[in-house]
Amino acid sequence: MRRRLRAPVAALLATLVPGLGHAFLGRFGRAVVWHVTVLGGAIALFSLSDAGPIDPSGSIADVAAAVPAGVALPLSVLVGLSAVDAYLVARSEAAEADRAAATEAAIRRHAAEEDEEGDDGRDGRVGSGGVETGDGSGAGGTAVAASVGVDAGGGDPTGVECPHCGRETDAELDFCHWCTEPLPWGDGE
């Protein structure tokens with residue numbers, strides 16, 4: 001539930017203060033870029049307009065009325081883009097976390113199935129992430145790595161089993177490229 005609230009909260013914070021939503025997400029470089037862009041745009045637009053100086057000590061309505069439409073509209077668009085970007089970054093992070101959790105669960109499930117079978121001559125020793133630690137032949141776990149879709153050198157998962165058709169598909173996709181059904185970690189909520 002908390003992960004679902006991050007995107008709207010980040011968008012709201014980015015609307016209130018451009019860059020604050022990105023800082024909330026831990027993207028400080030992106031936060032600085034958005035804040036400088038909106039602030040620089042405001043300064044540039046206001047200096048190019050023929051509006052007089054604004055008294056910030058007045059009421060909010062007086063300050064808003066003193067800002068010309070030629071400045072307010074582009075600034076509103078920049079602030080809106082900042083909020084949309086913060087929302088999309090938060091959604092992307094949530095989808096990536098879901099995808100990683102589903103991939104890890106699929107690898108563990110597949111490794112458990114391989115351990116139960118145990119009739120293929122291996123000694124069944126499995127290390128973290130479901131990669132075989134070795135059977136004394138010097139293979140270094142390449143048999144399990146290839147069947148699970150794990151790169152034996154880096155340990156990054158590249159494929160998982162589709163829950164719909166049972167075929168191995170790319171873990172980076174949100175759908176099975178064999179049966180075109182959405183995978184559980186896809187954005188199709």
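Please read all numbers here as calculations on a predicted model, not as lab measurements.
- With contacts defined as side-chain heavy-atom distances shorter than 4.5 Å, the pair Val89/Ser92 does not qualify.
- Note that the CZ atom of Phe24 and the CG atom of Leu12 stand 10.0 Å from one another [nearest 0.5 Å].
- Put simply, the side chain of Ser82 reaches to within 4.5 Å of the side chain of His22, judged on heavy atoms.
- For Pro18 against Val79, the heavy-atom pair with the smallest separation is CG-CG2, 3.9 Å.
- Closest approach of Val71 to Leu45, counting heavy atoms only: CG2-O, 3.6 Å.
- In this structure, OG1 on Thr180 lies 12.0 Å from CG on Leu173, to the nearest 0.5 angstrom.
- You'll find the side chain of Leu81 reaches within 4.5 Å of the side chain of Trp34, heavy atoms only.
- Identified under the salt bridge (charged side-chain N to carboxylate O under 4.0 Å, His left out) test for residues 12-39, with sequence neighbours left out: Arg27-Glu93, Arg30-Asp85.
- Within the model, atoms CD1 of Ile43 and CG of Leu39 stand 4.5 Å from one another, a figure rounded to the nearest 0.5 Å.
- Here the straight-line distance linking atom SG of Cys162 with atom NE2 of His177 works out to 9.5 Å at 0.5 Å rounding.
- For Gly41 against Leu78, the heavy-atom pair with the smallest separation is CA-CD1, 4.5 Å.
- Screening residues 60-78 for salt bridge (charged side-chain N to carboxylate O under 4.0 Å, His left out), with sequence neighbours left out, gives no hits.
- Across all their heavy atoms, Pro68 and Phe46 have their closest contact at CD-CE1, 4.2 Å.
- Of all heavy-atom pairs spanning Thr15 and Ala83, the tightest one is OG1-CB, 3.3 Å.
- Nearest heavy-atom pair, Ala86 versus Ala14, reported as atom, atom and distance to 0.1 Å: CB-CB, 4.0 Å.
- Clustering ILVMFWY residues whenever any of their side-chain heavy atoms sit less than 4.5 angstrom apart, transitively, puts Leu25 in the very cluster that holds Leu20.
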